[in-house]
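Everything below concerns the one structure shown next.
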Amino acid sequence: MRFHFTITITAIFLSATSSLARKCGNTQVPVELLEQAIRFNKQDVNRQTWGVGVSVQESTHESNRYNLPKTQAINLYMHNIYINQTAEGAYISEEDLQKQWRAMNDHYASTGISFVLKNITHTENKSWALAIRNGTTELKMKQSLRMGGYEDLNLYFRVLGRGFFGYCSFPGDYAPNSEGFWQDGCDILYTTYPDGPQTNYNEGKTATHETGHWLGLFHTFQGGCRGGDLIDDTPAEETATHGCPATKDTCRGDMWPGLDPIHNYMDYSYDSCMTEFTPGQAVRIYQSWDRYRNPQTRGPPTESQN
Ligand SMILES: [Zn+2]
């Protein structure tokens, strides 16, 4: 749904009524990224450029069902920061983290994106496990644990507090060793890994959703009916979805065809309900990748070191 220059902050009403509902911290999109997304949205009107819906010889990735001309393998570093070595203490075994990694590869298969697991770290540190978003303790944790460059994904599985299931840094132009560089990555609630203890949200799709933000995707309900995620093949929706309501249709009338995209990974539905990224989202991922993260093509940093 296209964006009409009405930046509205979507109410996260679900989290206020139930601590068991998905709540993501990425409800506000930085203005620079919104402006870039508007430019991306104009570019991808010509889908031929990206090969969506047409057969492209170069696409040999058998699971890339959109026949995108691209695939991309992304290095993945997983970190578990726990209070003590029990399930209640936020400890996740290496085996369960590997399950989470494999789940992400399944979820992203249709887009041609894959993740190469480079390392898993376990750190017992109560204050890091409980650190609040963007605070000095969280920064210190990431300065100690973050691995790789700006093109590499770091996931931190820990206790987030404030009802968050996850939050993630959107892509930007950060200089190496700037605060934005160190903060780059996704924080994931430790209970959401596949077969983990978070009822209705334990198929590992929280990490998939958050990583979508890291790759430049917005919520499908961003800005409501008159706002939009700036991707044309995700139907508009006014509110985040709770559960899996098959007939949910919050934006009606000729202007807003289609039911709400409750099955999209970038909504708030139950894990069992989330099954897809659209072709337009796959295109956006590659646009964002090339603009912000690909070392060969990304823009120069604008945030100086601090
Ligand atoms: Zn989100």
Side-chain angles (χ1 to χ4, degrees), residues 1 3 7-16 18-31 33-34 37 100 103-104 107-108 111 113 132-134 138 153-158 160-172 183-193 198 200-224 227-231 234-244 248 250 260-278 280-282 284-285 288 292:
M1 175 68 195
F3 177 74
I7 302 171
T8 51
I9 300 166
T10 305
I12 40 175
F13 69 98
L14 291 168
S15 57
S18 167
S19 61
L20 294 176
R22 187 184 301 283
K23 175 186 169 186
C24 167
N26 288 58
T27 50
Q28 282 179 278
V29 179
V31 172
L33 188 59
L34 273 175
Q100 172 68 74
M104 287 172 66
H107 305 158
Y108 276 91
T111 67
I113 294 288
I132 59 163
R133 188 183 191 189
N134 290 336
E138 187 189 71
L153 175 61
N154 282 258
L155 300 180
Y156 304 89
F157 294 85
R158 60 189 190 88
L160 299 183
R162 300 187 179 177
F164 284 123
F165 273 44
Y167 50 82
C168 206
S169 48
F170 284 113
Q183 290 284 11
D184 183 60
C186 305
D187 294 70
I188 315 287
L189 183 61
Y190 72 98
T191 50
T192 61
Y193 62 86
Q198 194 69 49
N200 295 321
Y201 305 95
N202 59 354
E203 296 180 22
K205 292 177 180 175
T206 299
T208 296
H209 171 108
E210 295 305 329
T211 299
H213 293 310
W214 188 83
L215 290 165
L217 300 181
F218 309 154
H219 290 137
T220 47
F221 52 88
Q222 183 73 39
D229 60 3
L230 289 162
I231 291 171
T234 53
E237 64 179 342
E238 182 66 18
T239 57
T241 301
H242 179 62
C244 194
K248 180 168 176 262
T250 52
D260 289 8
I262 63 164
H263 299 296
N264 198 285
Y265 286 118
M266 300 315 290
D267 200 348
Y268 273 13
S269 313
Y270 285 165
D271 273 17
S272 58
C273 192
M274 287 179 157
T275 54
E276 66 173 10
F277 290 110
T278 65
Q281 285 175 316
R284 179 57 44 82
I285 285 171
S288 294
Y292 292 107

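Atoms within a ligand are numbered from 1 in the order they appear, just like the ligands themselves.
Around the Zn ion (ligand 1), protein N, O or S atoms at less than 2.8 Å comprise Cys24 SG, His209 NE2, His213 NE2, His219 NE2.
Figure legend: Lys23 and Phe164 shown as a cation-pi pair, the cationic atom lying under 6.0 angstrom from the six-membered ring centre and within 45 degrees of its axis.
Judged as a side-chain hydrogen bond (donor to acceptor under 3.5 Å, both in side chains), and not counting sequence neighbours, the contacts of Thr220 are Glu237. Looking at residues two or more places apart in sequence or on another chain, you find a side-chain hydrogen bond (donor to acceptor under 3.5 Å, both in side chains) between Asp267 and Thr241. Residues forming a side-chain hydrogen bond (donor to acceptor under 3.5 Å, both in side chains) with Asn154 (at least two apart in sequence, or on another chain): His79.
Counting only heavy atoms from C-beta outward, the side chains of Thr211 and Cys168 never approach each other to under 4.5 Å.
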Worksheet entry | Stepwise ring-ring contact (aromatic ring centres under 6.0 Å, His included) check, Tyr265 with His209 | CA-CA 5 Å; Tyr265 286 118; His209 171 108; 9.1 Å; no
